[in-house]
Amino acid sequence: MEWVEESYRRSFKEISDFGKDVPDIQPLIDYFVESLTQPKLTEWKGYKVYGFGFNADTIKWVYDNWTPWQDDVIVASFPKTGTTWLRHIVRLLYFRHDENLLKMTEGMVMPHIYLETGIPLKFEFLDKLPWDRKVLSTHVPAALFNFEKIRNAGAKVIYTIRNPKDQLVSWHKMMVNFPINREGTNLKDHYPLEWGKFFDVAISGKQQMTNKEGEYYMEHLLSWYPHRNDENVLFVVFEDLKKDPLKEIRRIAKFLDVKISEDDLLNVTESSSFASMKKEYHWTEKVKFFRKGEVGDWKNHFTVAQSEKVDALVKQKLAGTDIKFTYEL
Ligand SMILES: Nc1ncnc2c1ncn2[C@@H]1O[C@H](COP(=O)(O)OS(=O)(=O)O)[C@@H](OP(=O)(O)O)[C@H]1O
């Protein structure tokens with residue numbers, strides 16, 4: 001579990017280097033490691049939350065008790081749809097002129113501070129962070145997210161979308177490389193290593209944040225979709241960002257009310273390219289967190305039957321929406 005320890009230590013190292021009052025991170029590490037090795041199924045609002053770093057009690061606590069600061073940004077996503085990319089972009093847009101803040105917040109972007117990770121008390125550390133805006137994440141479906149509280153606080157939400165075929169390959173590759181002791185846990189039932197089995201389990205809705213009987217990525221997307229025009233919510237599509245990063249980052253800056261020069265925009269675009277991020281977060285290499293960052297890699301993994309299965313699911317589930325996934329650029 002060295003990787004988990006290393007990532008949490010990095011989260012707080014920069015802050016302590018600046019002499020700030022940082023929380024004791026050992027309990028957070030212990031909790032996270034325990035949740036990986038002894039995953040539990042907990043339940044709230046009808047969602048069976050499969051405890052891989054998550055816990056229904058925490059999600060409920062955050063829903064009821066945690067309040068963000070004004071201008072906090074919460075990147076909401078289904079796993080592997082561009083969460084880290086968006087967090088990194090927001091961090092650059094917010095802190096680009098302050099070397100100290102950039103340094104301190106590096107560890108908070110990678111690894112993510114998920115709102116559903118950690119037991120409730122651990123969230124006290126969020127209010128101790130020594131800067132005035134935070135970039136956080138969540139993977140919860142919209143029903144478990146307190147929109148009213150977030151909006152009233154003046155915080156903003158970015159929801160990421162990625163085509164479900166690349167999402168699934170990315171998810172499988174990460175789980176294959178994740179340093180989890182699978183023996184003695186029931187993790188292997190939810191995340192089998194073999195691709196065909198992984199595919200079947202995933203689309204039948206038995207993984208992270210999807211197990212309200214049979215729910216999968218489409219249901220997650222559908223839960224967030226009604227909020228796409230909320231004034232404090234922005235939807236960002238992975239493939240759009242890949243195709244024209246400058247245009248999308250300009251749109252994100254406008255949404256966040258960040259005044260930015262064209263030169264700075266170009267710098268942010270360059271610093272959030274796949275190559276730059278892979279280099280900056282090189283210590284995640286072991287788990288292949290920055291793997292390929294491409295659109296269309298699914299073609300190297302999917303069988304025709306698997307592709308048709310996803311097409312049919314998308315057609316059936318997203319019929320009432322205007323979502324059209326881009327499967328290649
Ligand atoms: N800058 C940039 N450009 C292009 N692609 C990028 C970038 N940053 C992250 N990625 C890719 O996003 C995938 C990881 O998604 P997430 O960050 O949502 O993963 S997680 O849910 O937080 O675990 C994962 O996709 P795959 O490479 O297909 O596995 C990352 O490589």
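Whatever order the structure lists ligands and atoms in, that order sets their numbers, starting from 1.
Less than 6.0 angstrom separates the ring centroid of Trp44 from the ring centroid of Tyr63. Taking the six-membered ring wherever Trp is involved, the centroid distance between the rings of Phe78 and Trp171 does not fall below 6.0 Å.
In terms of the side-chain contact (heavy atoms from CB on, under 4.5 Å) criterion, residue partners of Asp257 (sequence neighbours excluded) are, by chain and number, Lys156, Lys259. Listed by chain and residue number, Trp195, Phe198 satisfy the ring pair (Phe, Tyr, Trp, His ring centres under 6.0 Å) test with His172 (two or more places apart in sequence, or in another chain).
Sorted by chain then number, the residues whose non-hydrogen atoms approach ligand 1 to under 4.0 Å are Pro79, Lys80, Thr81, Gly82, Thr83, Thr84, Trp85, His112, Tyr114, His139, Arg162, Ser170, Met174, Phe238, Ser272, Ser273, Phe274, Met277, Phe289, Phe290, Arg291, Lys292, Gly293.
Side-chain N/O atoms of Thr83 and Ser137 include no donor and acceptor closer than 3.5 Å.
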For residues 318-325, dump all side-chain donor-acceptor pairs below 3.5 Å to protein atoms at least two apart in sequence or in another chain.
unit_1 : atom_1 : unit_2 : atom_2 : d
Thr321 : OG1    : Leu318 : O      : 2.9
Thr321 : OG1    : Ile323 : N      : 3.2
Asp322 : OD1    : Tyr225 : OH     : 2.7

